[in-house]
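Structure record follows, encoded as structure tokens.
The figures here come from the full heavy-atom set of this structure, side chains too, leaving out hydrogens, waters and symmetry mates. Both ligands and their constituent atoms are indexed starting at 1 by order of listing.
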Amino acid sequence: MALKITVIGTGYLGATHAAAMAELGFEVLGLDIVPEKIAMLSEGRVPMYEPGLEDLLKRHVAGVPGATGRLRFTSSYEEAGQFGDVHFICVNTPQKHGEYACDMRHVDNAVESLAPHLRRPALVVGKSTVPVGSADRLAARLAELAPAGADAELAWNPEFLREGFAVEDTLHPDRIVIGVTSDKSEKVLREVYATPVAEGSPFVVTDFPTAELVKTSANSFLATKISFINAMAEVCEAAGGDVVKLAEAIGYDERIGKKFLRAGIGFGGGCLPKDIRAFMARAGELGADQALTFLREVDSINMRRRGHMVELARDAVGGSFLGKRVAVLGATFKPDSDDVRDSPALNVAGQIQLQGAQVTVFDPKGMENARALFPTLAYAPTALEAARGAHAVLHLTEWREFRELDPVGLGEMVAERRILDGRNALDPDYWRDAGWTYRALGRPMA
Ligand SMILES: NC(=O)c1ccc[n+]([C@@H]2O[C@H](COP(=O)([O-])OP(=O)(O)OC[C@H]3O[C@@H](n4cnc5c(N)ncnc54)[C@H](O)[C@@H]3O)[C@@H](O)[C@H]2O)c1
């Protein structure tokens, strides 16, 4: 009999995972505690923007005409417990308020809500990003609470999907990592991931702590790479160098590589910032804080970029934002997503507004979320409208739509043709040829 799968927590990770599991042929039940999400998903609608996800969902959600019907949603843990052989925990693990540490409340709640309904053999699989040591603790809790006793096992299976490519990354992962304590759990997970493994996805089997650490160390490495090039941007500015050329030149070295070497206003989102902080906090608890002190510098380089972008813009408009209009292109933390969690773009927009400018934001997909988070900023329905009367236009999220803007047309809307590229993603010559002053982080003024 084919395995039946539940996915607990249907946000960016869980909704994608649930739809992907249905695509792989499994019967899937998604569970969330937010009734509006369950209502939308049950109609085949996605509560966030993720390319390709709505199509995938519609192909499988029961009740949608022509769908396979393999995917359903519920808010009942009892139903989930009865239904599933494998239960993926995909709930959020935010930063604790006022601390660096990870807030494990939602994971703990999910395990404690599910466990009492596990009356037959089942595998609970953690996918959320958690501090090392959590899986050991949760396995003990599961054994305590599940009526099935030792037949209810735990595994850890960190997730590496990238928002914007979530569907592709889930269906064709570049690696699958599982932390297990029994051959039985490994066998079940090999069955779940049989299709991507057959296609060539590497399958790494390890223990709990290593599986947990793989995720946090991968994120720490990526954050370090971004902050490295941003540190080089600071040095380039001091020395009159060009960080874009520098990145191109060092990127030809295969050991360094070109990816994640675009200097700009730094990383944000619901993962990297909170994950490196939680990693530092956990290392401190383990007595290994010295090993990760470099992450404090990675974090501060990153946060400095936002302030630096504000200074660059203030300088560009003549030293003060008072009475100035600023257009901000981009609100999400990265393109092809509607996610504005810890978004550098919105952070910069907010700071500039607090310093007295009238800031108008446009983002192709993130407007609703941005408005909810920063209701006092002004929002325009198009990039052109956002630019109307602006003394400076700030390019802060590298959407393709912004790279394709016509500088001549945009030039007719603004008060001053001044573009500041916070992502080093626009072509300076193209903008300068249309009469704009182009400035970017880590590049000479020209
Ligand atoms: N978003 C990503 O790109 C990504 C990538 C890899 C790993 N992760 C990790 O995956 C986890 C989830 O991230 P996300 O971005 O999907 O978060 P999210 O906030 O989008 O989704 C979490 C969902 O869990 C639900 N939830 C909370 N408590 C619940 C409970 N007790 N029972 C059932 N549902 C509950 C929430 O209502 C929400 O819908 C985090 O640990 C994150 O670090 C995320």
Nearest protein heavy atom to [atom], by residue and atom, and its distance?
{"atom": "atom 16 (O) of ligand 1", "result": "L13 N, 2.8 Å"}
{"atom": "atom 5 (C) of ligand 1", "result": "L161 O, 3.5 Å"}
{"atom": "atom 30 (C) of ligand 1", "result": "Y77 OH, 3.6 Å"}
{"atom": "atom 9 (C) of ligand 1", "result": "T129 OG1, 3.6 Å"}
{"atom": "atom 24 (O) of ligand 1", "result": "G9 CA, 3.4 Å"}
{"atom": "atom 37 (O) of ligand 1", "result": "D32 OD1, 2.6 Å"}
{"atom": "atom 4 (C) of ligand 1", "result": "C271 SG, 3.5 Å"}
{"atom": "atom 21 (O) of ligand 1", "result": "G11 CA, 3.2 Å"}

So which atom in L292 and which in F279 form the shortest heavy-atom distance, rounded to 0.1 Å?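 Nearest pair, atom of L292 first, then F279: CD1-O, 3.5 Å.
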Locate the shortest heavy-atom distance separating Y49 from W399; write the atom from each residue and the value.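 That closest heavy-atom pairing would be CE2-CH2, 4.5 Å.
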Which of the atoms of ligand 1 are close to [X], meaning less than 4.0 Å from one of its heavy atoms?
{"X": "K37", "result": "38 (C), 39 (O)"}
{"X": "I8", "result": "33 (C)"}
{"X": "K215", "result": "6 (C)"}
{"X": "T93", "result": "40 (C), 41 (O), 43 (O)"}
{"X": "L31", "result": "33 (C)"}
{"X": "H106", "result": "28 (N), 31 (N)"}

Closest to atom 35 (C) of ligand 1 (judged by heavy-atom distance), picking from V91, N92, V34: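 Considering heavy atoms of V91, N92, V34, the nearest to atom 35 (C) of ligand 1 sits in V91.
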Heavy-atom distance to atom 2 (C) of ligand 1: which of E163, M48, E112 wins?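 Checking each option, the heavy atom nearest atom 2 (C) of ligand 1 is found in E163.
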Say whether E234 and N230, considering side chains only, have a donor N or O and an acceptor N or O under 3.5 Å apart.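 The criterion, which ignores hydrogens and geometry beyond distance, is not satisfied for N230 and E234.
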Taking it one step at a time, do H17 and T170 satisfy side chain to side chain donor-acceptor pair (under 3.5 Å)? CA-CA 7 Å; H17 193 67; T170 309; 5.6 Å; no
Tell me whether K258 forms a cation-pi arrangement with Y252, defined as NZ or CZ under 6.0 Å from the six-membered ring centre and within 45 degrees of its axis.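 Yes, K258 lies over the aromatic ring of Y252.
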Flag this pair as yes if the NZ/CZ of R162 is under 6.0 angstrom from the six-membered ring centre of F165 and inside a 45 degree cone about the axis; otherwise no.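 That pair qualifies as a cation-pi contact.
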Short N/O distance, under 3.5 Å, between K127 and ligand 1?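 Looking only at distances, the answer is no, because the N/O contact criterion of under 3.5 Å is not met.
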Short N or O distance, E159 and ligand 1, threshold 3.5 Å exclusive: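 No; every N/O pair is 3.5 Å or more apart.
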Is [X] close enough to touch ligand 1? Criterion: a residue heavy atom under 4.0 Å from a ligand atom.
{"X": "K274", "value": "yes"}
{"X": "R341", "value": "yes"}
{"X": "S113", "value": "no"}
{"X": "F160", "value": "no"}

Looking at K334, R306, K274, which one forms a salt bridge (Lys or Arg N to Asp or Glu O under 4.0 Å) with D342?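 Result for salt bridge (Lys or Arg N to Asp or Glu O under 4.0 Å) with D342: R306.
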N/O donor-acceptor pair under 3.5 Å between R72 side chain and E27 backbone: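 No: the side chain of R72 does not pair with the backbone of E27.
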Heavy-atom donor-acceptor pair, D32 side chain to T10 backbone, under 3.5 Å: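 Judged by distance alone, yes, a pair lies under 3.5 Å.
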Can you tell me which residue among E50, E163, K365 is in a side chain to side chain donor-acceptor pair (under 3.5 Å) with S337?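 Of all the options given, the one that passes is E163.
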Under-4.0 Å salt bridge between [X] and [Y]:
{"X": "D299", "Y": "R277", "result": "yes"}
{"X": "R59", "Y": "E23", "result": "yes"}
{"X": "D108", "Y": "R137", "result": "yes"}

